[in-house]
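For reference, the structure is listed below as structure tokens.
The structure presented is a predicted model; accordingly, all values stated were derived computationally and were not measured. Throughout, protein chains are lettered first and strands after them, A, B, ... in sequence-line order, and every chain is numbered starting at 1.
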Number of protein chains: 4
Amino acid sequence: MRHQKVDVILQAAVEVFSDQGFDQAKMDDIAQAAGVAKGTIYYHFKSKEDLFTGLMDEGMEKLIGCAKRHIDSEDSPVDQMHGLIRAHSQFFMENGKLAKLLLNEAFGTKERQQKFRASIREYIQLIELLIERGIATGDFQFDYPSEMAIAIFGAGSVLVLHKLYALEDNAWTSEESEEVTQMIIQSLSQLVFRSLLIK
Amino acid sequence: MRHQKVDVILQAAVEVFSDQGFDQAKMDDIAQAAGVAKGTIYYHFKSKEDLFTGLMDEGMEKLIGCAKRHIDSEDSPVDQMHGLIRAHSQFFMENGKLAKLLLNEAFGTKERQQKFRASIREYIQLIELLIERGIATGDFQFDYPSEMAIAIFGAGSVLVLHKLYALEDNAWTSEESEEVTQMIIQSLSQLVFRSLLIK
Amino acid sequence: MRHQKVDVILQAAVEVFSDQGFDQAKMDDIAQAAGVAKGTIYYHFKSKEDLFTGLMDEGMEKLIGCAKRHIDSEDSPVDQMHGLIRAHSQFFMENGKLAKLLLNEAFGTKERQQKFRASIREYIQLIELLIERGIATGDFQFDYPSEMAIAIFGAGSVLVLHKLYALEDNAWTSEESEEVTQMIIQSLSQLVFRSLLIK
Amino acid sequence: MRHQKVDVILQAAVEVFSDQGFDQAKMDDIAQAAGVAKGTIYYHFKSKEDLFTGLMDEGMEKLIGCAKRHIDSEDSPVDQMHGLIRAHSQFFMENGKLAKLLLNEAFGTKERQQKFRASIREYIQLIELLIERGIATGDFQFDYPSEMAIAIFGAGSVLVLHKLYALEDNAWTSEESEEVTQMIIQSLSQLVFRSLLIK
DNA sequence: CATGAATGAGTCTTCATTCAT
DNA sequence: TATGAATGAAGACTCATTCAT
């Protein structure tokens, strides 16, 4: 079992990193937020980088695990895509801080993100495979599965992120939050399955 | 007309900011890239913040202008949406550095981005209005126009960004780049107009 | 008898201090090298300072003891000087780590070394007394016995140190090492007894 | 011409490094001693390491230059050796701070000193060549010229260093200091040319 | 207008030492 | 006795900003 303080630190780190971004976040703040001395963080983590990377990796792992579980619990590609949309939306809405952390840093040139991009790609490939299966079964129709996967990922991520920021500004109740999640899921579903056009 | 050095500085700034992100970018680097002394930047810009904000505002202004022109050149909401997708894709693919700059920083909590978010919202509202018009004319069908606008913005932005990074890694020819742009446009169009499902 | 762990720690300390110098040596390294927990060191030694000083004192004590034994086993000042040169060379060549430790820190301004300098002075005085006895017996001839003692100490120490570093770079066999020791002894003897000049 | 502040910093650095040693010296102290802000040092020097290395290199260059000049102004190996002893003694006694700096760090394992050792070796080789020339001319007699060179270097360096420390403790007048220098020169000469033994 | 040397507040990181177990 | 997690003071280094020339 992981040492207790490590968890406290990780929690504080998510908080601070998600609020400030990697560069603006100060180790002092994380220490204070965690209620430990600065040295304690360095006893458990090699560096700011290390702490951050650990967070990202763990977060992506959770996300991918959650997505896989939702996908595997369904059979048809259509239902699986629905599952994925639900998983994505709920996971991020329920882990708002982590969502900001992941999505904020998901786009950037720096080396730090190179490694992180691998996990992102893994997640996107999950979507891609789904699309390809749907095409194979004749359910879906699309010229570029890979691009479609990225676009869907983008749509879902940006929409969630946008709502999270709104949620942050006006502190909403959990019911309202749940309502927003449903709206996100419905919006994404409509975009992906029905498109804008009236048939 | 703007002073010549100002343009040199702005160009260098786009370059550096887009490569490094705001926090990692150093005024020294910008000065060097621009071939001017560091003091010169401060003669023309109040601060790093100021330089950055100017860049963002100008970039968003161009983007919004470009989008408006494409929209206005069409009549029906469907064609206008097509125009917008083309405008978005082409503008960002042709202004890769600016694209990274805008999209990298489009997601983040910090105050710096608060102001910038206003322009983003203006752009998204352009999409939203389009959708609402489409609904009014009976062309479109959608429950949450605002969320749809954000989702489409997200899909388009992330897809472009993704391709820009790939382009950066393997230096592609301009024909290939053009090809990619077409693929992006087609993918987004399919997502928005046809959806995944075979009708 | 000293506690077993104390010896383990002392051995590790010699190793690490001699490799890294006092300032660069880390208590963590010493603990690891000794295979004990860091706290254990502090159970047996008051501080890093204390550990180091103990090492130095013990080392100098051994050196001085060794020198005295060699001196006392001879009668004439000339033979005693020979004995001292042999003792010095052999002791340091056989205790390379200790040698580096002692000689590295023998030269420095810091307070830590003030105390250590006392032992050095004691050792040098051994040489000085020898010279004075030689002068008294008419064997030696020299204007400044004290300076002569220091110069001889310097010659012997630096030569040994130099060879130890060479030995470290190219791992030599013990025969070669023995050979080097003989060369050192002979060189020092020639310097002290015959001088450069052909009579 | 080197910028003025650079010289001020270098001077302060010699002072502080020679008093404290590399590890104990604080950049803050050097800045304060130089009367400049800490950042100014970093504007001119890449790092503490860089500052230190520069100092060492410059110092050794001066020393070697001084030695060469003294050697070249004499003809016979005997006189040249005398010249070298004078150069060594006077140079170090007149540049006490530099002497401590150079000699303190001349003995140590760390990488920092590896580079510095090259200069030391160059200086020692100067002595070695001298000895070899003396052997060729039949003036000198010695089995191991290289070891002899090192021993002489050690004798001279340690003797000077020892006197510098004594000088530091009791602040001596410059006449006394000059007197000490003469005593050093005479002692070394006797050691090198006459040896202990009465012929 | 332009320069670039100088500044110093702000950060990350290290490491000797302590202490509850 | 022994441990090793926790501490926090200390120190190297960065970089946006200023200002005298």
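At a cut-off of 3.5 angstrom, the base of E/dT7 holds no donor-acceptor pair with the side chain of D/Lys38.
The side chain of D/Thr40 sits closest to E/dA6 out of E/dT11, F/dT7, E/dA6.
With a 4.5 Å cut-off on side-chain heavy atoms, C/Leu102 and C/Phe92 count as touching.
Side-chain polar atoms of C/Asp29 and C/Gln20 form no donor-acceptor pair below 3.5 angstrom.
Neither OP1 nor OP2 of F/dC13 sits under 4.0 Å from any side-chain N or O of B/Lys26. Of the side-chain N and O atoms in D/Tyr42, none sit less than 4.0 angstrom from OP1 or OP2 of F/dT14. At least one side-chain nitrogen or oxygen of B/Lys48 sits closer than 4.0 Å to the OP1 or OP2 atom of F/dA16.
Atom CZ of A/Phe22 and atom P of E/dT11 are 14 Å apart (whole Å). Note: CE (A/Met27) to P (E/dG10) measures 19 Å, nearest angstrom. Spacing between atom CD1 of C/Ile41 and atom P of F/dA2 amounts to 12 Å, rounded to whole angstrom units. The interatomic distance linking C/Tyr43 (OH) with E/dT21 (P) rounds to 18 Å, in whole Å. Separating the CD atom of D/Gln4 from the C1' atom of E/dG4 is a distance of 16 Å, rounded to the nearest angstrom. Rounded to an integer number of Å, the gap from C/His44 NE2 to F/dT3 C1' is 12 Å. Across the protein-nucleic acid pair, C/Asp28 atom CG and E/dT13 atom P stand 17 Å apart, rounded to whole Å. Between D/Gln32 atom CD and E/dT7 atom P the separation is 13 Å, expressed in whole Å.
Along DNA chain F, the nucleotide closest to A/Lys5 and the one closest to B/Ser47 are compared, and the more 5′ of them pairs with A/Lys5. The residue among C/Lys46 and B/Val36 whose nearest nucleotide of DNA chain E lies closer to the 5′ end is B/Val36.
E/dA20 is paired with F/dT3 under the criterion used here, namely a Watson-Crick or G-U wobble arrangement in which both key atom distances are under 3.5 Å. Both distances falling under 3.5 Å, in either a Watson-Crick or a G-U wobble arrangement, place E/dG8 opposite F/dC15.
A donor-acceptor pair under 3.5 Å is formed between the side chain of B/Lys48 and the backbone N or O of B/Ala25.
The aromatic rings of A/Phe17 and A/Phe22 sit parallel, their planes meeting at an angle under 30°, below the 60° perpendicular limit.
Across all strands, B/Ala25 comes closer than 4.0 Å only to sugar-phosphate atoms, never to a base (heavy-atom distances).
Here CE of A/Met56 is found 14.0 Å from CD of A/Glu61. Values are rounded to the nearest 0.5 Å.
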